[in-house]
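Take a look at the structure below.
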Amino acid sequence: MDLRPEIVERIKLLDEKYKLMGQSLENYLDGLLLSNYLTYWDYTNVDKLLMLQTPKTDFPDELIFIVYHQITELYFKLSLHEMEQIANNGRNVLKNGEDKGWKDKLDKDFFVARVTRINRYFESLTKSFSIMIDGMEKEQFLSYRMALLPASGFQSAQYRKVEICSTDMFNLVDKDARAKFEGKEASIEEMYEHIYWKQGATELATGKKTLTLMQFEKKYSSDLIALAKEHQNKNLWAKYKSLSKEDQQDDKVLQALRQLDVNVNVKWPLVHYKSAARYLGNDNSDVPATGGTNWQKYLPPRFQKRIFYPALWSKQEIEEWGKAWVEEVRAKKF
Ligand code: HEM
């Protein structure tokens with residue numbers, strides 16, 4: 001049988017590919033002959049995925065709570081994936097699989113495209129958060145949450161990683177402690193001690209940390225500190241600063257970063273806050289959160305004033321951070 005020229009060409013290319021690595025094409029062709037066809041279920045690991053929901057109670061709505069947290073974690077994973085690519089200037093893989101290595105300079109269009117992707121992930125999360133706000137019966141939620149103590153979304157390590165990979169550590173320091181570090185050469189460890197979410201889960205009067213925070217620190221602090229050190233010069237802000245002065249002023253670049261700041265630090269926190277207000281808020285007395293924070297004072301973006309890119313906002317915009325959205329949320333009765 002005559003082999004078609006396209007087939008012969010590919011076999012030649014494969015032969016070269018394997019020879020380069022000291023491998024034999026014959027053995028790989030044997031492997032191809034013996035291997036099964038790929039199936040959807042093997043590729044997506046769907047059966048395993050559907051085994052990963054283990055409710056702690058028999059309340060049907062608990063499944064919604066678990067699945068939606070998992071969906072969110074997957075979007076966080078994608079966001080971190082894009083950030084990692086930016087951190088490494090984008091990878092240049094040729095069609096034949098040959099890796100041309102890391103580019104030594106970040107390309108502006110690549111930066112914008114990847115930040116835009118992250119914005120899309122967060123916008124999708126913000127839009128779908130009504131699954132949490134309106135999609136569960138309050139009575140069921142208030143019951144099964146008692147079986148989840150002291151776990152809280154507060155303990156999402158990927159959420160913290162998204163923050164760390166987005167900006168300099170200084171911008172994550174609690175707003176009341178920032179002055180202490182202003183213009184000083186502080187270590188990542190020193191600033192990490194004052195990271196905003198630790199303050200949020202610490203009793204101001206006694207300095208006592210919540211159990212939720214202590215468990216989180218024990219499991220993740222060393223990983224988070226290592227990540228922050230690794231990304232000190234390659235977080236999104238550092239990469240932005242590595243662009244030429246002209247590219248830094250490009251509208252698309254500025255828009256993408258400002259959008260990210262609003263998506264991660266205002267819009268998502270607000271829809272999330274809305275869910276806390278819907279389930280835990282009460283005209284007379286608020287229900288304590290599973291993570292033990294003073295959530296009404298802690299969660300609203302206006303109080304946290306967490307801003308990844310303060311240099312891209314005016315003084316007034318910073319002063320009024322999240323205010324417009326908070327008022328919009330407050331105006332609606334839960
Ligand atoms: C009905 C739904 C939800 C309610 C009532 C709720 C409530 C809360 C509360 C009260 C806090 C403050 C910490 C504490 O004391 O526990 C918190 C923090 C947090 N939750 Fe949720 N949450 C909900 C859904 C989610 C979902 C789906 C996620 C996705 C992963 C999530 C992620 C987070 C994160 C990342 C924090 C920390 C926020 C920060 O430090 O600013 N939450 N949540």
Side-chain angles (χ1 to χ4, degrees), residues 53 59 61-80 121-122 124-146 148-164 166 171-175 194-203 208-217 220 224 263-282 286-308 321-322 326 329 334:
Q53 294 74 39
F59 291 98
D61 285 5
E62 193 189 342
L63 183 65
I64 307 168
F65 194 59
I66 297 178
V67 170
Y68 192 76
H69 276 81
Q70 292 178 335
I71 290 170
T72 307
E73 289 292 343
L74 288 175
Y75 273 118
F76 289 166
K77 179 171 177 155
L78 286 180
S79 301
L80 288 165
Y121 303 144
F122 268 85
S124 172
L125 284 174
T126 300
K127 277 195 206 116
S128 62
F129 215 87
S130 55
I131 293 172
M132 289 286 91
I133 301 169
D134 300 319
M136 299 180 295
E137 279 181 13
K138 187 169 174 175
E139 292 68 30
Q140 287 194 42
F141 176 82
L142 289 177
S143 299
Y144 67 71
R145 67 189 282 277
M146 301 317 287
L148 316 181
L149 285 163
S152 164
F154 180 91
Q155 294 173 318
S156 165
Q158 287 204 111
Y159 188 74
R160 306 307 177 197
K161 288 181 182 177
V162 164
E163 296 174 332
I164 287 172
S166 293
N171 294 318
L172 300 177
V173 167
D174 182 62
K175 65 179 190 315
H194 295 272
I195 201 159
Y196 79 93
W197 44 264
K198 282 200 197 191
Q199 305 313 112
T202 304
E203 253 181 55
K208 209 168 169 268
K209 294 179 178 182
T210 61
L211 177 57
T212 304
L213 173 59
M214 288 194 287
Q215 288 187 325
F216 181 71
E217 285 189 290
Y220 289 116
L224 294 178
N263 279 330
V264 181
N265 293 326
V266 180
K267 290 193 175 175
W268 187 88
L270 261 175
V271 283
H272 173 258
Y273 173 67
K274 228 171 141 176
S275 71
R278 149 97 160 90
Y279 295 101
L280 310 176
N282 187 306
D286 291 324
V287 179
T290 50
T293 59
N294 182 358
W295 61 270
Q296 281 202 316
K297 291 259 154 41
Y298 172 63
L299 290 178
R302 189 161 68 109
F303 298 146
Q304 281 190 359
K305 243 189 206 156
R306 191 177 79 205
I307 305 176
F308 290 157
W321 190 251
V326 170
V329 169
F334 299 108

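Just so you know, ligand 1 is whichever comes first in the structure, and atom 1 is the first atom listed for that ligand. Computed from a prediction, not measured in an experiment: that's the story for all the values here. Quick note: numbers below take in every heavy atom, side chains included, and nothing from hydrogens, waters or symmetry partners.
At the shortest separation from atom 10 (C) of ligand 1 among protein heavy atoms lies Ala289 CB, 3.3 Å. Protein heavy atom in closest approach to atom 11 (C) of ligand 1: Leu299 CD1, 3.8 Å. Ranking protein heavy atoms by distance to atom 26 (C) of ligand 1, first place goes to His69 NE2, 3.1 Å. Protein heavy atom closest to atom 29 (C) of ligand 1, with residue, atom name and distance, is Thr72 CG2, 3.6 Å. For atom 37 (C) of ligand 1, the closest non-hydrogen atom of the protein is Arg160 NH2, 3.4 Å.
Within the 4.5 Å cutoff, the side chain of Lys175 has no heavy atoms near those of the Tyr196 side chain. Side-chain atoms of His272 and Thr126, non-hydrogen and from C-beta on, never get closer than 4.5 Å to each other.
A search for ring-ring contact (aromatic ring centres under 6.0 Å, His included) contacts involving Phe216 returns Trp197, Tyr220, not counting sequence neighbours. Here Phe76 pairs with Phe122, Tyr159 under the ring-ring contact (aromatic ring centres under 6.0 Å, His included) rule; sequence neighbours left out. For Tyr279, the ring-ring contact (aromatic ring centres under 6.0 Å, His included) partners two or more places apart in sequence, or in a different chain, are Phe141.
If you run side-chain hydrogen bond (donor to acceptor under 3.5 Å, both in side chains) between Arg306 and each of Asn171, Asn265, Asp174, only Asn265 comes through.
Contact annotation: Arg145 has no heavy atom less than 4.0 Å from any atom of ligand 1. The shell of residues lying under 4.0 angstrom from ligand 1, judged by heavy atoms, includes Gln304. For the ligand labelled ligand 1, residue Tyr273 lies outside the 4.0 Å heavy-atom shell.
In this structure, Asp61 contributes its side chain and Met136 its backbone to no donor-acceptor pair below 3.5 Å.
Atoms of ligand 1 lying under 4.0 Å from at least one heavy atom of Met136, given by number and element, are 1 (C). Against a heavy-atom cut-off of under 4.0 Å, Trp295 is close to the following atoms of ligand 1: 10 (C).
The shortest N or O to N or O distance between Thr293 and ligand 1 is below 3.5 Å.
Around atom 21 (Fe) of ligand 1, the protein atoms of type N, O or S found under 2.8 Å away are His272 NE2, listed by chain and number.
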